[in-house]
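Structure first, commentary second.
We use all heavy atoms of the structure for the numbers below, so side chains are in, but hydrogens, waters and symmetry mates are not. The structure displayed is predicted, hence computed values, not measured ones. Note on naming: letters A, B, ... go to the chains in the order of the sequence lines (proteins, then strands), and numbering restarts at 1 for each one.
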Amino acid sequence: MRVPAFLLFQKPPEHSIPFRIATLASVLCGILAILHEEQWPPFSLLVIVATLAGSGWSYLRRATSNWLIKLFLSLIMLYALYDFLINLALTPYDPRVPLANLLLWLQTLHSFDLPARRDLNYSLVTGFILVSVAAVLSHDMTYLPFFAGFLLCALYTMIYNYQSDVSEKRRLVGNMPSFGTLSRLVASLAGGLLILGGAVFFVIPRYEGMKIRPLPMTIRLGVLKASRGEIRNPAYPNMAGRVRHAKRHFDPDSYYGFNAYLDLNLRGRLSDDVVMRVRSSDESYYRGLAFNQYNGEGWEIQDENLQQIIAPAPPIMLNIEGLGDKEIVQIFYVEKDMPNIIFSAYQLSQLFFPSDTVYVDSHGGVRTTFPLEAGMVYSAISRSYSPRPSVIRRLARRPHLLTNMERRAILLDLGLPSTVPARVKELASELTRGKVGAYEKAAAITTWLQAHYEYTLDIPPFGADKDVVDEFLFHYRKGYCEQFATALAVMCRSVGCPARLVTGYLPGTYNPFTGYYEVKSSDAHAWVEVMVERVGWVEFDPSPGYSGTPRLTDHARSAWVFDSIVKYLRDSMGIDTTNVGSVLWSMTAALLASVRQAGIAGWAALACTLAAVVTLFVLTILRVHRRLSSGAARPDRIRQLVQRLGDRAMELARRVVGQVVTVTPRDEVASAWHQMVDHLSVDGCTKTPSQTPREYAGKAALHLPKARPAIEQLTDEFQRARYSTQVAAEEQVQRARNALHSVVEAIRTNGRGTGGNGS
Amino acid sequence: MLVIATNTQTGWLYVVVGILVALLLVGFTVSRLTLRGLHVTRGEIPPVWEGERVTVRLFVSNPSRWSRYMVALSDPAPGVESSCTPQQFVIGQIPAGGVVNVEYGLPCPRRGAFAFGRVKLNSATPFGLFPAERGIDAPGELVVYPRGPILRRLDRMDVLPRSASASRTFHRAGHSYDFQGIREYRWGDDIRFVHWPTTARLGQLTLREFQEMASHHITIVIDNGLTSGVGPPGATPLDDATRMAASVIAFVQRGAARVSLAAAGMERVRNVREPLALEWLARLQPAPALLHQHAPTRVEAGRSLIVFAVDPPCDESVEWLLQVRERVSQLLVVLLEADSYGAKDEGLTNPACSAAASRLSANGIMVRRHWAGRDLALALRDGEWVLA
């Protein structure tokens with residue numbers, strides 16, 4: 001069969017096996033990273049085996065034109081593209097996984113046609129893209145080994161690539177560096193890259209993102225409808241509906257505040273397991289439910305006027321009043337089973353959720369038709385109104401007509417049970433004396449609570465039939481978020497400000513590597529929303545140690561990674577970051593704890609690491625010692641070293657200054673001569689002011705007979721440049737420099753020679 | 001990528017970006033550091049004859065404490081070969097404090113003096129991302145001597161003094177000749193004539209010179225006017241003239257005689273031995289001057305003179321030849337037909353040349369004519385002229 005001419009046009013085949021192996025290894029790292037992030041889909045093994053086979057095949061067939069294979073491969077690639085488009089149409093909300101799969105297949109197919117160096121380069125680039133895509137998909141630290149592996153292999157690949165490139169059309173002199181030599185080179189390069197890359201990583205500022213958004217969510221599960229709006233918490237199955245005095249038990253994995261009834265006398269500690277990872281354009285509290293009815297011992301949601309919202313296609317638009325202008329975009333990756341409550345920043349406006357129906361209660365709580373399961377993903381866009389406190393104060397002083405929202409709040413969120421004693425109300429009115437408007441009143445109470453009460457999780461259940469607020473304020477005088485929030489809400493209500501208790505999660509810890517906020521079970525929190533005139537609901541967090549008004553204070557995450565890392569260490573790993581010593585100490589403690597947890601394997605790993613570090617240290621010491629003992633340890637040798645460093649710096653400075661001040665060749669010759677005099681003076685041959693250059697040259701030649709020609713030449717050049725009318729030429733400068741160089745060399749070798757003789 | 005990282009808020013992408021930036025920085029710096037501090041020197045290049053190969057040596061030394069890897073070196077070979085491609089090498093590694101010897105053979109098809117200049121070092125070590133280049137001056141000169149046919153004897157002619165021709169080994173036998181004086185040693189002189197007492201006194205090699213030797217020297221004048229440069233490189237009239245001159249020089253040197261050389265634009269050399277004379281010939285290039293303008297006005301009486309003329313010599317040049325004929329003992333004029341060099345027709349004859357030749361012959365001057373492609377020895381062999 002006649003082959004078309006354009007198919008025969010080919011690049012020279014690449015024969016280097018190490019280059020091919022390194023490329024294959026880097027590509028495999030990319031593929032493994034993707035497969036790992038996709039949790040090893042069923043075709044994993046096929047992709048790996050096909051890539052291996054393809055690489056071997058392309059090596060064997062590197063010198064042939066392979067046009068039939070190429071044709072065949074392009075057909076399969078077209079099919080892969082078709083498959084990608086189909087998948088994209090199926091999941092329009094998160095194109096990352098289909099895209100990653102497409103890349104995976106393209107890479108696999110491409111590995112069957114790698115005859116030339118350029119094709120291998122393309123392979124490396126695709127490998128890099130795969131690793132980057134895996135970076136986007138990743139949500140934990142397990143990505144690190146794949147990236148490190150890729151980096152290492154890619155370094156080898158690039159070096160082999162350059163080696164192959166540079167030896168093409170050139171005759172090789174000597175041998176190319178061996179694998180061992182290259183490995184040493186790679187090791188030092190990798191070290192440099194880590195240091196430099198780390199520095200860059202720290203320096204890159206992180207700005208608020210999520211401007212362009214295909215917001216991810218899991219595929220719609222329209223049929224599954226387990227709930228008609230009532231709250232279902234898998235951890236508290238008995239508390240579905242309004243069971244007020246159900247059997248009390250505490251589940252450390254789930255906060256009991258995510259129920260229709262919040263019992264203020266239930267005690268227990270929540271676990272530190274991650275319940276969800278959140279990608280958020282800004283730091284915010286994740287609001288879950290709001291409670292409006294206080295009965296002295298707990299909170300419940302009264303007037304559950306559920307509104308059903310049905311959206312045939314995402315997003316589900318929530319037409320809630322009083323939406324602000326500040327937009328927060330959040331993506332939630334659910335890691336543990338959770339109740340059927342949507343958590344999001346206040347105030348949710350659009351929801352991308354795998355269901356077409358949600359229910360909204362009259363307090364802004366959003367409930368889904370089925371509980372959130374681990375692995376589920378949903379996205380939310382919230383819009384809030386965050387005026388500055390000064391603006392709020394000004395607005396409160398002006399009379400205005402009540403808005404619908406305010407009227408409803410007065411109706412629902414102002415009532416107090418008769419169990420609340422009078423001293424609570426008295427305290428509240430005393431604290432708010434002279435304050436105008438709900439904002440100022442709530443702020444005053446918040447500040448007072450934060451300043452005078454202690455935050456602790458270790459309090460017993462308050463006595464039965466005792467008012468929780470009264471007990472907290474006047475008897476125990478300490479408590480945790482629930483007590484603080486309840487106290488604030490009750491006191492606000494007692495001075496006529498509508499207020500409600502809200503449960504949800506704290507922002508969690510920002511992991512600067514993955515870019516996710518990691519929200520743990522123990523981040524569950526309770527705070528208060530107060531109806532502020534003409535502004536709407538404003539959050540107040542009276543717990544000590546938290547910002548009193550989280551939304552209004554500028555809560556933006558620091559753009560600098562260093563802050564985030566310090567915060568991550570402190571909040572997530574429990575490392576004390578007050579000073580360097582405590583950081584080291586607590587890091588060691590944390591390390592030992594994790595080793596102890598890992599058992600024998602942990603101890604073995606620790607021993608290996610320690611052994612490696614000690615060996616490295618000893619080797620370094622030995623090397624330095626050898627270098628120093630080879631004549632370099634003598635003081636004058638060190639002095640010379642310092643001198644040379646100084647010269648280098650001077651030369652650099654001169655070069656920099658030379659950009660501004662023009663240095664003539666004459667100056668350069670003169671400077672070379674002066675440098676020679678300096679060097680010789682250090683070596684013991686000083687120049688007296690009365691000596692002419694020629695006389696000095698004679699003396700120096702006696703001092704250093706080896707360098708006689710160079711000394712004389714430099715002196716000649718100096719005299720010619722300094723005293724003749726001719727303009728010094730560039731060659732003259734070069735000659736002078738060379739002479740200086742050989743004089744310095746002579747001084748150096750001389751010093752070494754006498755050193756050896758022990759003089 | 002940073003935009004993607006910012007938009008998707010992916011922390012790992014920041015790590016990737018950081019490493020990428022570091023990679024670029026390292027790639028940029030290391031390739032430059034690789035070339036820093038390397039020295040290149042060129043080994044001495046011995047002179048060679050036309051058609052031989054010469055070995056060029058370059059020494060790349062690395063006085064620093066770090067090994068250098070994969071450095072490309074290119075040495076632009078000066079127009080020695082007709083295709084002037086630089087010699088390309090890649091040095092696998094240069095160990096710390098080590099020297100690498102780069103060596104290559106270069107064919108030298110034609111006569112000339114060729115200057116070697118800047119050696120270029122390239123490197124994109126380690127990643128091949130940012131190629132760095134550095135030029136290092138490694139001067140050197142290659143002299144290619146012209147090579148003529150070996151003459152057994154100039155037909156019926158002997159350059160040696162009559163008295164000595166009977167015993168060729170006069171200098172070996174230690175005969176004394178009339179001592180003319182001493183002069184400083186020049187490269188190519190026979191070491192046997194060194195006058196050691198003077199050498200010791202002056203600290204400089206000094207040579208005895210004998211009258212017989214001086215008086216029986218030969219003078220060669222080459223007309224290197226611009227027409228001598230026509231024709232393909234290496235096959236111009238001038239090249240042929242130098243080849244013939246080289247043959248004559250080689251021949252007379254066997255008799256320990258010396259030659260003087262003259263041509264336009266060249267320093268005139270007197271009484272030199274073979275190597276210097278050959279180097280002079282190697283450097284000879286066409287110059288805008290006529291024969292009589294640069295010809296020596298005073299040729300020592302009694303000497304032999306060979307003139308290589310290109311094209312018909314102008315009237316003034318013929319006049320000069322006629323004048324000089326009176327004073328020298330022997331005169332041979334070799335006329336090279338420049339027209340035959342440029343043209344395809346090799347035997348092309350310029351009528352003006354024939355006229356000049358017959359005019360010279362009529363005046364008793366021996367004239368040989370030469371055309372491109374003819375045997376060079378032929379022009380010298382057959383003739384009436386006798387030296388001395």
- Item | Option that, when pairs with chain A are counted at under 4.5 Å, heavy atom only, ranks first among B:Leu23, B:Val26, B:Val102, B:Val21 | B:Leu23

- Could you look at A:Ile195 and say if it's the side chain, the backbone, both or neither that has a heavy atom under 4.5 Å from chain B? neither

- Message: I'd like to know if B:Arg111 pairs up with B:Glu50 as an ion pair, taking the criterion as any Lys NZ or Arg NE/NH1/NH2 lying under 4.0 Å from an Asp or Glu carboxylate oxygen.
- Response: no

- Message: Looking at chain B, which one of A:Pro177, A:Gly198, A:Ala154, A:Gly192 has the largest number of heavy-atom pairs inside 4.5 Å, strictly under?
- Response: A:Pro177

- Are A:Gln330 and A:Ser379 close enough that a side-chain donor and a side-chain acceptor fall under 3.5 Å? no

- Is it the backbone or the side chain of A:Phe128 that comes under 4.5 Å from a heavy atom of chain B, or both, or neither? side chain

- Task: Could you list which of residues 119-131 of chain B have a heavy atom closer than 4.5 Å to any heavy atom of chain A, in residue-number order?
- Result: B:Asn122, B:Ser123, B:Ala124, B:Thr125, B:Pro126, B:Phe127, B:Gly128

- Between A:Arg117 and A:Glu168, is there a side-chain N and carboxylate O pair less than 4.0 Å apart? yes

- Task: Answer yes or no: is there an ion pair linking B:Arg283 with B:Glu141, defined by an N-O contact shorter than 4.0 Å?
- Result: yes

- Kindly assign one of parallel, tilted or perpendicular to the pair A:Tyr516 and A:Tyr333, based on the angle between their ring planes and the thresholds 30° and 60°. perpendicular

- Query: Side chains of B:Gln87 and B:Asp75: donor-acceptor distance under 3.5 Å anywhere?
  - Reply: no

- Any chance CZ of A:Arg118 has more than 12 other-residue heavy atoms, nucleotides or ligands included, within less than 6.0 Å? no

- Tell me, for B:Leu20 versus chain A, whether the close heavy atoms (under 4.5 Å) come from the side chain, the backbone, both or neither. side chain

- In terms of heavy-atom proximity below 4.5 Å to chain A, should B:Val100 be classed as side chain, backbone, both, or neither? side chain

- Query: By a 4.5 Å heavy-atom criterion (distance strictly below it), what part of B:Val30 contacts chain A: side chain, backbone, both, or neither?
  - Reply: side chain

- Query: Heavy-atom distance under 4.5 Å to chain A: side chain of B:Asn101, backbone, both or neither?
  - Reply: backbone

- Lys/Arg cation over aromatic B:Phe59: B:Arg57, 6.0 Å, 45° cone: no

- So which of A:Ser167, A:Ser138, A:Ala134 has the largest heavy-atom pair count under 4.5 angstrom toward chain B? A:Ser138

- Message: If only side-chain N and O atoms count, and only distance matters, is there a donor-acceptor pair under 3.5 Å linking B:Ser31 with B:Thr34?
- Response: no

- Query: Does the cation-pi check pass for A:Arg170 over B:Phe89, that is, NZ or CZ under 6.0 Å from the six-membered ring centre and within 45° of its axis?
  - Reply: no

- Item | Interface moiety of A:Leu172 toward chain B, non-hydrogen atoms closer than 4.5 Å | both

- Message: Tell me whether A:Ser26 contacts the main-chain N or O of A:Ala22 through its side chain, where contact means a donor paired with an acceptor under 3.5 Å.
- Response: yes

- Counting heavy-atom pairs under 4.5 angstrom with chain B, the leader among A:Ser132, A:Ala199, A:Gly174 is A:Ser132

